[in-house]
Each structure stands twice: as structure tokens, then as C-alpha cells.
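Report on the following structure.
We count residues from 1, following the sequence as given.
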Amino acid sequence: MTVSPIVANMDLSKNATERPEPFKAEVKGTIPNWLQGTLLRNGPGIFSVGESSYDHWFDGMSLMTSFSFKDGEMTHRSRFLRSDTYNSNMSANRIVVSEMGTMAYPDPSKNFIVKAITFLNHTVPDFTDNGSSNIIKYGDDYYATSETNYIRKIDPVTLETHDKVDYMKYLPVNLATPHPHYDKEGNAYNIGISIAEKGKTKYILFKVPAVSPKDKGKTVPALKNVETISTVSCRSLFSPSYCHSIGFTDNYIIFVEQPFKLDILKMATAYMRGVNWASCMKFYPDENTLVHLIDKKTGKEVEMKFNTGPMVIYHHVNAFEDEDHVVFDVIAYNDSKLYDMFYLKNLKDDASSQSSEYSKPSFRRFALPVKSDKGVKVGQNLVKLNYTTASAVKEKEGKYTCQSEVLCEDFELPRINYDFNGKKYKFVYGNIADQSALSKQVAKFDTETKTMLYWNEENCWPSEPIFVPRPNGESEDDGVVLSSVINTNPGQSGFLVILDGKTFKEVARAYVNDLLMLNCARVWDRSAAPCAPGPPEISWMAFLRPDRREAMKSSWN
């Protein structure tokens, strides 16, 4: 892999500068007039405080960014999340709150009592509220989130930080994914991990209902009405599976319990041993992956039990039901090396040369038969769909071994037209990650023809592409794709590129200074359009529809 000196010298740990007041971007090309609303992003923005620095890119303190579209123009603003973590670190002028990949230690000048209290706090961790992974919507409220039990309410127009919300006040989850799903009524579905609650470690699937008519206009926390859909026992009492996202159809939720686990006992002693919490995560290549298929209405798992080989999954692509099957697509890895690639030292090395340790993503399709297998012989494949080679072979009554079909390689951060979430679909948009964790291309993949369209530019680094459907669009890919781009060419600014959803050709770009290397996910405002999944992973977006127009008028120059 040949990399220019410009890219090799790109500083991925540089602190961002916030710009809370909106400014109008210079536009090249023509932004479609129908594109009206705001794209929200969230991701790491501060990597050092005083003389201290984070070790891992995911640990950086959250910077929220908005791109607002109106009448062919775009305005931009950004603001740091004023979390308790941010305030504590800035007050101390050093990193004092631990993150997953960076353990913070007390000032050496602190007395023994302070150090002892700090040790106890880390034995039973009170996690960070640095919500730098995604922006999600519960009820009518928007939250910055990561994977801990804390989320922070934000104003989606001004990006100001509001209430800190603790999941554990409403249901017993110590960790929750940053990528909920949404149904057409605006209900949100998510999964969390409950660690050793009443002596049991379990996964809790829960639903946050849309705002009810009686609560309209009231400041009622959305989580107040949270409902537990299902509880799934952890196969290892003190080693729950890492879970970053779930699959979702009209009738089912797909939870993949993978052999990439968090060792709770090691986590409790990490501070004492002088290691970070991420070091307590381990991949077990000799264990199978379990696939749990849960009926949304009853909360019960289907009778059939499914397993497949060892793999690591961060992102589900989509899932749908077809002829007594549940088909689900994921981006999978053969090991857990991807997280290590985002340590800042490794990112610096990665920008200058291909790493031999790089773990490549694989776009895989699984098919689960849900019809009774009575009368079916052991060893028989029950998948009867003619468009996939995925299989589910009967081991014994009610138990199957699944093999996936590989749709393509080197594809990550998948996003679809969310109108097709939970339904049979054709197109996926994502990043090409063929030689390193740093992507230089975005692509459109056709799941039926297995063909790919690309967009890239020399010395440019695009973020996760987000599809925005055209109102009353005539096809699944009728819309535009948005991606913010770091531009390392001398004297040039970063920009948001707008691509035609069908042809994948550039139609416009809006120049913005100081764009960060962010990956993004998005959530649609339910009052105007179906909601999107939240992730990955790393930074995240919401596209607010025109019903927020009145609230946003004052933000335009």
C-alpha cells in the first residue's frame, strides 16, 4: 500500500475546536432543494487534556456536529458534550475519568485516602458519561450515548448538553448498545447487559415506547415507560458477550452471543493491576457463536437453537423474513484485532504502512429456518431460499449449525435506506476497509448482483456514508448519500460530499474546516420518517426532518 507523505503525517490525535454558532458553508455543485433538515454527528474530539492523553481513539471526549440543509444551502456548527467527564477533566486539567481503553489514575500528590477511594470506585466501576458513540432518540428526546449505563440528553438544534440519565434507575443494565432500532410507530428497541444482578448475568431486551398522547408536551423521561421484552441468560456467568448492535424484523429480534467476552472479575481488578478495562475483553476462538431469535410479541426464544463458528460482530446490516426464514446480514471478523487497531499509536502506524495485524471485515448472510423441523432428518439443510447459499443443518431435534454466505469482503460501517429496515432490501452503503482501519473509499453494494460502485478522491478520508431518501422516492436508492470527508491536500478544507443514491456520482460538496475522522450512524426523527439504527461504532448522526423547521429558523444566518 503506497501512502503519500501528507497522509503519513496526518495527526489523528489532534484536538478539535468547537464552533457553537452556525456558519454557512461554501457549496460547490447543487444541493437538491428537497434535502431539508439537519444531519447530526457525534464522535471523539478531544484526545489530550493538559499533559495527559488518551490511549485509544474511541476514548476521546465527545464533539457533536450538525450539518443543516435548507433551500440548497448548508450551515454547520459543532459543540463539545458538556458531560460530567468533560467537566471533571477540564477542571483538573488532566484526564481523571477512566475510559474503556485508557485507565486514569489519581494525581501522585493526592493523599492515601483519596487514592483508596479511587481504587474502590474502580473496583465497582462508575462508568463514564462521555457519550461519543452515537446520537439516539427515545420518545421525543435526543441523547448522546456510548455503551455505558449513562446517556446525556442534548438539544438537537443548539447541541447544548442537558440532563444526565442513568439506565439503571429504570432497568438493571450496566451496559447498553448505542444502536437501538425503531419501528414505524416510533418505539425504540435495544439490548443491555445486567452484570450479576441477583447473582445472575443476563442480557435484557427492552422497548422504549413512543411518547403517549397523555405525556405529549410533558417533561417525562422516555425511560420512565421502558418495558422489558425478554431476558436471555448469559452462557458464562462472569463473562458476558460483547454486543454492539442487534438485528430487527417485523416479528423478531436477533441477538448474536459471540465468543468475544468481557471478563467481569478481571475488570474488577484492572485498576489495581494497572491495565485498562479493554484488556479484560477476550476472544475465544474455540467457542461457537450462539444466535438467539426472540419473538417480539411473546418475548420468548423460538424453539430452534442456532449456532455457527467463532466470529466477532460489531454491526448488523439488516434482517428480514421470507418464506418461514429469518435472513440476517452482518459484518463479521475472524478475530478481535479490530479494536486494537484504534489505539492511537496503532492508528499512527497504520496511516504510514499496512499493518500485518489488520483484521479484514466480511459481509455475511445467515438464514434461520423458523418452521418446525419434525420429520426432517439429521444432517439435512433446512434453508430453502434460492437466492442464498447460507445453510442451517440439523444436528438433532431443534438444534442447527449455520453457515453463512459471504456476499463481499472489505466492507464496513453499513447503512441502508431505513424505510427497508427489517424488510427485504437490495442496496447497502458503506466504507471500503481493504488494507487498513482507515478507509479511503465509500461504496454502494448491490446484494443481488454483488456489484459495487465507488467514490474516492486523492488524499481524502470519507466517513460512513448515510443514505437520505427523497420524499416520495420511486425506488430503494432514490435519494442522496452524505459523507463528511477529511481533506489532507495542502491548503484545502474538509467537506461534506453529497452523492446521488442511484449513480453514486457526486452532485455537490459543502466545504467545512476542521472535520474529524468520524464514523457515523443516524436516527430519523419519527414524526417525519422511519427511524434508523443507531452505530458503530464510533460517532453518530441524526437527520432531522422539516417538522423541526420552526425551531431551527433562528439558527440560520
Side-chain angles (χ1 to χ4, degrees), residues 181 191 202-203 205 229-236 239-261 283-335 362-407 422-425 447:
H181 279 278
I191 189 170
K202 54 193 175 185
Y203 311 99
L205 284 156
I229 298 174
S230 180
T231 298
V232 178
S233 297
C234 176
R235 62 172 162 175
S236 304
S239 297
S241 167
Y242 174 73
C243 181
H244 189 72
S245 63
I246 54 177
F248 183 87
T249 72
D250 287 343
N251 296 298
Y252 299 98
I253 293 174
I254 303 105
F255 163 51
V256 178
E257 190 175 12
Q258 55 193 346
F260 183 34
K261 303 179 182 181
F283 178 60
Y284 294 85
D286 296 328
E287 289 190 14
N288 280 343
T289 300
L290 305 182
V291 181
H292 301 274
L293 188 61
I294 295 112
D295 187 305
K296 284 165 57 178
K297 294 183 179 67
T298 66
K300 297 179 179 180
E301 286 193 61
V302 300
E303 293 181 1
M304 289 74 80
K305 304 301 178 186
F306 306 99
N307 72 85
T308 188
M311 61 180 178
V312 174
I313 295 172
Y314 298 97
H315 301 122
H316 283 250
V317 182
N318 196 15
F320 56 91
E321 300 167 34
D322 189 14
E323 297 181 7
D324 295 321
H325 297 76
V326 172
V327 178
F328 73 96
D329 297 344
V330 297
I331 306 299
Y333 295 81
N334 291 328
D335 53 48
S362 175
F363 189 156
R364 303 181 193 180
R365 168 163 289 179
F366 290 87
L368 311 178
V370 293
K371 191 175 181 180
S372 173
D373 65 349
K374 291 182 179 179
V376 176
K377 295 180 180 179
V378 172
Q380 185 172 340
N381 174 25
L382 271 75
V383 177
K384 304 302 180 184
L385 302 173
N386 59 14
Y387 53 80
T388 181
T389 59
S391 64
V393 175
K394 184 175 180 179
E395 287 184 22
K396 59 182 181 180
E397 199 73 23
K399 187 175 181 180
Y400 302 88
T401 296
C402 301
Q403 296 293 333
S404 67
E405 174 189 4
V406 176
L407 299 182
K423 304 181 186 305
K424 199 169 184 179
Y425 73 114
T447 63

(message) In the structure I gave you, are the side-chain heavy atoms of E257 and C234 within less than 4.5 Å of one another anywhere?
(response) yes

(request) Using a 4.5 Å cut-off on heavy atoms from C-beta on, say whether the side chain of K202 contacts that of S230. (result) no

[atom1]/[X] to [atom2]/[Y] distance, rounded to the nearest 0.5 angstrom?
{"X": "K261", "Y": "F283", "atom1": "NZ", "atom2": "CZ", "value": "10.5 Å"}
{"X": "H325", "Y": "K371", "atom1": "NE2", "atom2": "NZ", "value": "10.0 Å"}
{"X": "L368", "Y": "M304", "atom1": "CG", "atom2": "CE", "value": "9.0 Å"}
{"X": "Y387", "Y": "R365", "atom1": "OH", "atom2": "CZ", "value": "6.5 Å"}
{"X": "D335", "Y": "M311", "atom1": "CG", "atom2": "CE", "value": "13.5 Å"}
{"X": "H244", "Y": "I191", "atom1": "NE2", "atom2": "CD1", "value": "13.5 Å"}

Is a side-chain N or O of [X] found less than 3.5 angstrom from the main chain of [Y], in a donor-acceptor match?
{"X": "E321", "Y": "T249", "result": "no"}
{"X": "H181", "Y": "I246", "result": "yes"}
{"X": "S362", "Y": "A332", "result": "no"}

(message) Using the rule side chain to side chain contact (heavy atoms under 4.5 Å, CB included), only one of V312, T308, I313 pairs with V256; which is it?
(response) I313

(message) Please evaluate residues H316 and F248 with respect to the criterion side-chain contact (heavy atoms from CB on, under 4.5 Å), reporting the C-alpha separation (whole Å), side-chain torsions for both, the decisive distance (0.1 Å), and the verdict.
(response) CA-CA 9 Å; H316 283 250; F248 183 87; over 6 Å; no

(request) Let me know which of D329, D250, D322 forms a salt bridge (charged side-chain N to carboxylate O under 4.0 Å, His left out) with K424. (result) D322

(request) Kindly indicate, with the supporting measurements, whether the criterion side-chain contact (heavy atoms from CB on, under 4.5 Å) is fulfilled by Q403 and T389. (result) CA-CA 9 Å; Q403 296 293 333; T389 59; over 6 Å; no

(message) Which residue is it: F366, F255, F363? I am looking for the one with a ring pair (Phe, Tyr, Trp, His ring centres under 6.0 Å) to F328.
(response) F366

